[in-house]
Amino acid sequence: TFNRPTMLARQLDSLLAQTVRPDVITVLDNGINPATRQTVESRYAKGARYVNTHELGVSGNGIMAKRLCGREGYVALFHDDDMVSPRYFEYVLGVIRNYPDIALVVGDAEVQPAAELKVSLSTPHGRGLILNCHDWALHMFCCKTLKYPFAFYRADLYDSIDNVAISSEFGRVGDIPLLLRAVGQCGKAALLTFPFCSYGEHLGQDSHNSDTMPSAFEMARFYAEFHKYLGDDLATIAGFLYVFKCRRVLRSAYKRRCRKDVPYAQYLSYAKSIGALPLKSCLFWWLSNHFTQRLLSNFVSFGFKLLQKDLTADR
């Protein structure tokens, strides 16, 4: 949390209202507002505890959180400007009980203005997907951008991820690389498709806003990360979709972010050098546009919907 005691209180109460409640919720205070400590201390009896970490900065707080989590069981990190519905932990534990070796479990999230955040009041369900690393990448590439603060990670895998390096390499789009690396090249992820989570959006500050969006070079590294998992084999759905989409999305990133600063040829050369732009992408230059990309993404999304099943039903 960082100097947002009102939002923190709202998120803490949503965590403390879980039908399966954690024994302890540790709040790392990266700010200096005394109201933050008061907010946590007023909930001591319910299991909240306070740690002052304002001198550590963002990266240091990430390291501290990892140290406190340990390497056993599953760990989850939440932000002060989000919320989760009351039965989220219950359903996550149901998935873990049925799939004890799963690398991570995450619920779908609705994006809302942070100041007006609310959780879904619909009756929850446990339907979702169990995805290997390649299908996990394909789902995020074509269907849904998931949020890392809502994920429950297998502790030993989360401990092996270098969060600081990811933040430095990808900036504000580091969510997806973190989620990809948490599953790795051989693990599996569980996705609950009910919107258990509400993600707070801050207008003028988030990654899609023109003044704060990631640089084109961060976006090139972002797509190179996807390429590691999707490949460029045209005989596979994942490889074909990456090759079909990558050149256009990279061009869009260039036009929106650095066309005034770097020649296009230099940007393309960089994208090729890091593996974001395979040579095969030239084959689809004239066919790949917003409409055809959306059409293919909808096709993939429909296929994933057909594969959904109840992940929490006793097996």
Side-chain angles (χ1 to χ4, degrees), residues 1-70 73-93 105-121 124 147-153 155 158 163-164 167 172 174-175 178 195-207 209 212:
T1 184
F2 180 77
N3 293 342
R4 294 193 287 220
T6 301
M7 290 184 181
L8 171 63
R10 184 180 61 189
Q11 170 67 303
L12 264 180
D13 288 341
S14 81
L15 296 174
L16 292 168
Q18 293 297 304
T19 53
V20 177
R21 203 171 81 185
D23 295 328
V24 175
I25 297 174
T26 302
V27 178
L28 303 185
D29 182 9
N30 192 35
I32 56 173
N33 189 334
T36 300
R37 183 167 197 149
Q38 295 167 7
T39 298
V40 180
E41 288 180 343
S42 67
R43 292 161 176 80
Y44 266 16
K46 296 180 179 180
R49 67 171 178 170
Y50 176 87
V51 179
N52 188 323
T53 57
H54 78 273
E55 295 182 352
L56 299 180
V58 176
S59 298
N61 269 266
I63 294 170
M64 173 64 78
K66 188 173 292 188
R67 187 180 304 155
L68 291 171
C69 286
Y74 285 79
V75 302
L77 291 85
F78 297 91
H79 291 175
D80 58 9
D81 54 346
D82 303 326
M83 289 182 72
V84 291
S85 62
R87 299 184 67 184
Y88 184 42
F89 287 18
E90 175 189 339
Y91 276 84
V92 167
L93 288 172
V105 185
V106 65
D108 197 2
E110 293 181 334
V111 179
Q112 305 171 15
E116 306 167 12
L117 212 60
K118 296 179 180 178
V119 296
S120 176
L121 298 178
K147 305 297 181 182
Y148 82 93
F150 303 115
F152 281 71
Y153 304 86
Y158 185 77
N163 304 59
V164 177
S167 178
R172 288 180 177 266
D175 283 39
L178 193 154
F196 285 100
C197 312
S198 298
Y199 179 80
E201 178 183 53
H202 300 269
L203 297 179
Q205 300 177 34
D206 290 330
S207 59
N209 297 109
T212 56

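Owing to the predicted nature of the structure, the values given are computational and were not obtained by experimental measurement.
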Subject >> Aromatic plane relationship, Phe196 with Tyr91 - under 30° parallel, 30 to 60° tilted, over 60° perpendicular >> reply: tilted
Original post:
If you look at every heavy atom in Arg10 and Asp81, which pair is closest and at what distance?
Top reply: NH2-O, 4.1 Å
Original post:
Would you say Val75 and Lys66 make side-chain contact, with heavy atoms under 4.5 Å?
Top reply: no
Original post:
Between atom OG1 of Thr1 and atom CE of Met7, what is the distance when rounded to the nearest 0.5 Å?
Top reply: 10.0 Å
Original post:
Step by step, would you call Arg37 with Val27 a side-chain contact (heavy atoms from CB on, under 4.5 Å)?
Top reply: CA-CA 9 Å; Arg37 183 167 197 149; Val27 178; over 6 Å; no
Original post:
Are Phe89 and Leu15 close enough that some pair of their side-chain heavy atoms sits under 4.5 Å apart?
Top reply: yes
Original post:
Where is the tightest heavy-atom contact between Ala65 and Leu77, given as atom of each residue plus distance?
Top reply: CB-CD2, 3.6 Å
**OP:** Check whether any side-chain heavy atom of Val51 lies under 4.5 Å from a side-chain heavy atom of Thr26, and answer yes or no.
**Re:** yes
Original post:
What pair of heavy atoms forms the shortest contact from Ser85 to Ser120, and how long is it?
Top reply: CB-O, 4.4 Å
Original post:
Is there side-chain contact between Asp175 and Pro149, with heavy atoms separated by less than 4.5 Å?
Top reply: yes
Original post:
Less than 4.5 Å apart, any side-chain heavy atom of Leu68 and any of Leu28?
Top reply: yes
Original post:
Partners of Tyr148 by ring pair (Phe, Tyr, Trp, His ring centres under 6.0 Å), sequence neighbours excluded?
Top reply: His79
Original post:
Between the side chain of Asp82 and the main-chain N/O of Gly200, is any donor-acceptor distance below 3.5 Å?
Top reply: yes
Original post:
Taking the side chain from Asn30 and the backbone from Phe2, do they hold a donor-acceptor pair closer than 3.5 Å?
Top reply: no
Original post:
Quick check: does any side chain N or O of Ser167 sit under 3.5 Å from a backbone N or O of Val164, one acting as donor and the other as acceptor?
Top reply: no
**OP:** To the nearest 0.5 Å, tell me how far Asp108 CG sits from Lys147 NZ.
**Re:** 10.5 Å
Original post:
Quick one: which of Leu12, Val40, Asp80, Asn33 gives a side-chain contact (heavy atoms from CB on, under 4.5 Å) with Pro5?
Top reply: Asn33
Subject >> Donor-acceptor contact below 3.5 Å, side chain Tyr88 vs main chain Phe150 >> reply: yes
Original post:
How about Leu8 and Asp29: do any of their side-chain heavy atoms sit closer than 4.5 Å?
Top reply: no
**OP:** Check for a donor-acceptor pair, side chain of Glu90 on one end and backbone N or O of Val20 on the other, with a separation under 3.5 Å.
**Re:** no
**OP:** Please tell me if the side chains of Val84 and Gln18 come closer than 4.5 Å, counting only heavy atoms from C-beta onward.
**Re:** yes
Subject >> Any residue meeting ring pair (Phe, Tyr, Trp, His ring centres under 6.0 Å) with Tyr158, in chain and number order, not counting sequence neighbours >> reply: Tyr153
Original post:
Between Ser198 and Gln112, what is the shortest heavy-atom contact and its length?
Top reply: OG-NE2, 3.7 Å
**OP:** Taking all heavy atoms of Pro195 and all of Glu110, pick out the closest pair and write down the distance.
**Re:** CB-CG, 3.6 Å
Original post:
Got a sec: does the CD1 of Ile32 have more than 12 other heavy atoms crowding it under 6.0 Å?
Top reply: no
Original post:
Which pair of non-hydrogen atoms, one from Ile25 and one from Pro22, has the smallest distance, and what is that distance?
Top reply: CG1-CG, 3.7 Å
